[in-house]
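Notes follow once the structure below has been shown.
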2 protein chains.
Amino acid sequence: MDVNDAADDGWGMTAEQQPTNRMERDTELMWGLRQSEPRRGPKPRLSRDAVVAAAVALADAEGLEAVSMQGVAKELGFTTMSLYRYVESKEDLLVLMNDAAMDTAPPGPCGGRDWRAGVEAWVHGVLTMYGRHPWAVYLPQNGPPSGPNGLRWMEAGLREIVRSGLDPRRSVQILTMLSTTLREMFRMNVDMERAARAAGATVADTMRGYAAGLGRAVTEEHFPTVARLLREDVLEDAPAEAHGRGPAGPTDELDFPVRRLLDGVEVYVERQRAAGDPDKAARRSGG
Amino acid sequence: MDVNDAADDGWGMTAEQQPTNRMERDTELMWGLRQSEPRRGPKPRLSRDAVVAAAVALADAEGLEAVSMQGVAKELGFTTMSLYRYVESKEDLLVLMNDAAMDTAPPGPCGGRDWRAGVEAWVHGVLTMYGRHPWAVYLPQNGPPSGPNGLRWMEAGLREIVRSGLDPRRSVQILTMLSTTLREMFRMNVDMERAARAAGATVADTMRGYAAGLGRAVTEEHFPTVARLLREDVLEDAPAEAHGRGPAGPTDELDFPVRRLLDGVEVYVERQRAAGDPDKAARRSGG
DNA sequence: GCGGGACAGTGTACGAGATAAACTGTGTAT
DNA sequence: ATACACAGTTTATCTCGTACACTGTCCCGC
């Protein structure tokens with residue numbers, strides 16, 4: 001049952017021994033389990049961490065698309081194939097980068113405050129983190145977080161949401177909605193800024209162009225509501241407002257929906273409490 | 001609003017002037033503007049629509065990763081390069097596929113009902129659409145929808161949300177949150193089902209593996225809340241519930257957060273209404 | 001009704017990228 | 001000491017996107 005036969009396999013053997021469902025594998029990968037412990041042969045001059053760090057540095061400097069195995073290897077001053085001693089595939093590398101991008105600590109528990117303030121602090125923290133590693137939002141997400149850093153963030157967010165009185169399962173659902181929204185909103189902002197820069201224009205220009213393009217196609221009869229948006233210049237202003245915080249910080253667009261979500265949670269919890277609490281029996285430390 | 005800021009030189013055929021920003025370009029692309037009208041030379045045996053349709057068919061049958069220019073061309077019985085007469089690049093093709101995937105009509109306006117019922121019908125419609133073209137959730141989103149089909153869906157969703165009394169700008173924000181969440185939730189489900197199938201297991205097994213993997217790393221002191229999830233088997237059950245509706249239909253996990261969001265909108269609108277008139281007075285507030 | 005040029009589709013080629021496999025040197029356990 | 005495990009390299013292959021030059025078609029103005 002023990003999993004320490006890895007000393008032998010290298011690549012000769014087909015990996016048939018591990019039941020390896022994807023998420024379990026990734027988890028082990030990120031937690032550094034699954035590392036062999038060789039004490040023979042030349043000393044490694046590289047390490048998995050060094051590889052990941054180089055990849056992160058490259059992505060920070062030149063964007064995710066610059067992260068090729070060759071690129072990372074060059075960054076390190078080694079050959080492309082040397083990386084494969086430390087990661088099984090580029091996919092693995094991306095998985096590791098994903099967790100590595102979250103290396104800043106999430107906001108800690110500040111007991112006194114409103115749970116909502118806690119959640120909003122978490123949201124702000126996530127945005128700051130994305131600001132540091134904007135490429136992270138382009139990485140494929142293979143599932144819920146499972147690396148050490150990802151879990152830290154999940155723990156921190158969940159900790160605050162649970163304080164609302166929501167049960168854990170539903171808290172996870174709310175957290176998921178929050179996370180995906182943060183991520184996607186941020187991604188869109190990065191996209192737009194990139195597109196704007198590529199066109200030598202501003203984000204506001206880009207949105208104006210978008211609105212203008214729509215204007216040619218949107219008819220009042222077929223798209224009355226969208227037409228109204230155009231009429232009221234909603235599409236042009238909205239993201240422009242998000243300008244206040246440097247590169248890609250969508251908070252104004254985000255704050256409103258987030259607050260509505262939290263409102264909704266609050267209302268729900270109150271109603272449950274008022275109605276005698278049917279599904280909240282597990283509040284105390286069960287077990 | 002009139003649109004005359006750009007020198008509107010005809011897009012007859014020349015590509016001379018296109019400072020067009022990305023979103024504007026994509027819009028024109030999808031609406032079929034920017035098509036030349038040649039009446040010389042051999043008759044085209046292909047068409048942009050045929051190319052897109054073939055790509056969609058391929059994606060439906062074998063997944064997005066099977067959609068290479070060579071693959072699509074083979075599907076059509078033409079050479080790879082022939083496609084480039086109809087799309088400028090693979091990226092363009094993906095943009096077109098994105099809109100093409102939304103070819104089913106969104107739910108129409110059913111006047112009488114609750115606006116929330118309308119929104120939920122829309123949500124359901126989106127999920128059904130994704131169910132038909134699961135690969136669509138993997139396409140890069142270059143911005144808000146701008147193709148005909150995408151706009152139809154946006155219009156339909158917005159139409160319902162606006163009925164809540166929310167002003168258009170905020171309605172867009174709510175719709176965005178909804179869309180991204182739908183998309184990402186669905187994507188995760190597809191991922192998990194794919195991973196499960198690849199491992200010859202069920203989704204439930206995958207989640208069990210995930211929980212087991214976490215269990216090895218999660219300590220009660222560092223991750224109390226997550227540990228509680230594990231203790232209560234929350235992670236293992238949640239997606240298993242989503243099983244009821246064939247391939248990748250996450251509704252149970254989705255319904256709760258969506259309803260909380262709508263609750264939140266409702267509460268917000270009521271509060272605004274109670275505090276004088278909402279329409280423009282609700283500008284700088286936020287909670 | 002003819003000839004030229006615009007145009008559809010082809011063939012070839014190239015460069016980037018991931019990665020498989022064989023290979024070379026090194027240093028430690030025996 | 002020495003064999004072999006192991007780090008890093010070299011070489012090669014396969015897939016892709018796409019640039020470019022080419023071939024054959026058929027509409028146009030003559």
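Scope of the values below: all heavy atoms of this structure, side chains included, with no hydrogens, waters or symmetry mates. From a predicted model like this one, the values you see are computed outputs, not experimental measurements. Below, read A as the first sequence line, B as the second, and so on, with proteins coming before strands; counting in each chain starts at 1.
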Practice task
Can you check each nucleotide of nucleotides 13-22 of chain D against protein heavy atoms at under 4.0 Å and return B for base, S for sugar-phosphate only, - for none, in 5' to 3' order?
Solution key: ---BBBBB--

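A straight line from CZ of Arg48(A) to P of dA7(D) spans 12 Å, rounded to a whole angstrom. Rounded to a whole Å, the CG atom of Leu76(B) is 16 Å from the P atom of dA8(C). Whole-Å rounding puts the Lys43(B) NZ to dG24(D) C1' distance at 16 Å. Per the geometry, CG belonging to Leu93(A) stands 10 Å off P belonging to dT19(C), to the nearest Å.
Looking at the side chain of Arg40(A), the nearest of the listed nucleotides dG9(C), dG8(D), dG27(C) is dG27(C).
With values rounded to the nearest 0.5 angstrom, Glu62(A) atom CD is found 11.0 Å from Asp60(A) atom CG. Taken to the nearest 0.5 Å, the CZ atom of Arg85(A) stands 14.0 Å off from the OG atom of Ser47(A).
Side-chain atoms of Asp191(A) and Tyr138(A) form a donor-acceptor pair, as typed in the model, at a separation below 3.5 Å.
Proximity of a side-chain donor or acceptor of Lys90(A) to a complementary backbone N or O of Val67(A) within less than 3.5 Å is detected. In this structure, the side chain of Glu155(A) engages the main chain of Val226(B) through a donor-acceptor pair within 3.5 Å. Ser82(B) places no side-chain N or O within donor-acceptor distance of the main-chain N or O of Phe78(B), the cut-off being under 3.5 Å. Using modelled atom types, no side-chain atom of Arg22(B) and backbone atom of Ala195(A) make a donor-acceptor pair closer than 3.5 Å.
The C1' atoms of five pairs define one axis at each end of the helix from dG1(C)-dC30(D) to dT30(C)-dA1(D), and these two axes lie 10° apart (to 10°).
OP1 or OP2 of dT10(C) lies within a sub-4.0 Å distance of a side-chain N or O belonging to Thr79(B).
In this structure, Leu83(B) and Gly41(A) both approach DNA chain C, and ranking their closest nucleotides by distance from the 5' end singles out Leu83(B).
Residues Pro145(B) and Trp153(B) form no side-chain contact, since every pair of their non-hydrogen atoms from C-beta on lies 4.5 Å or further apart.
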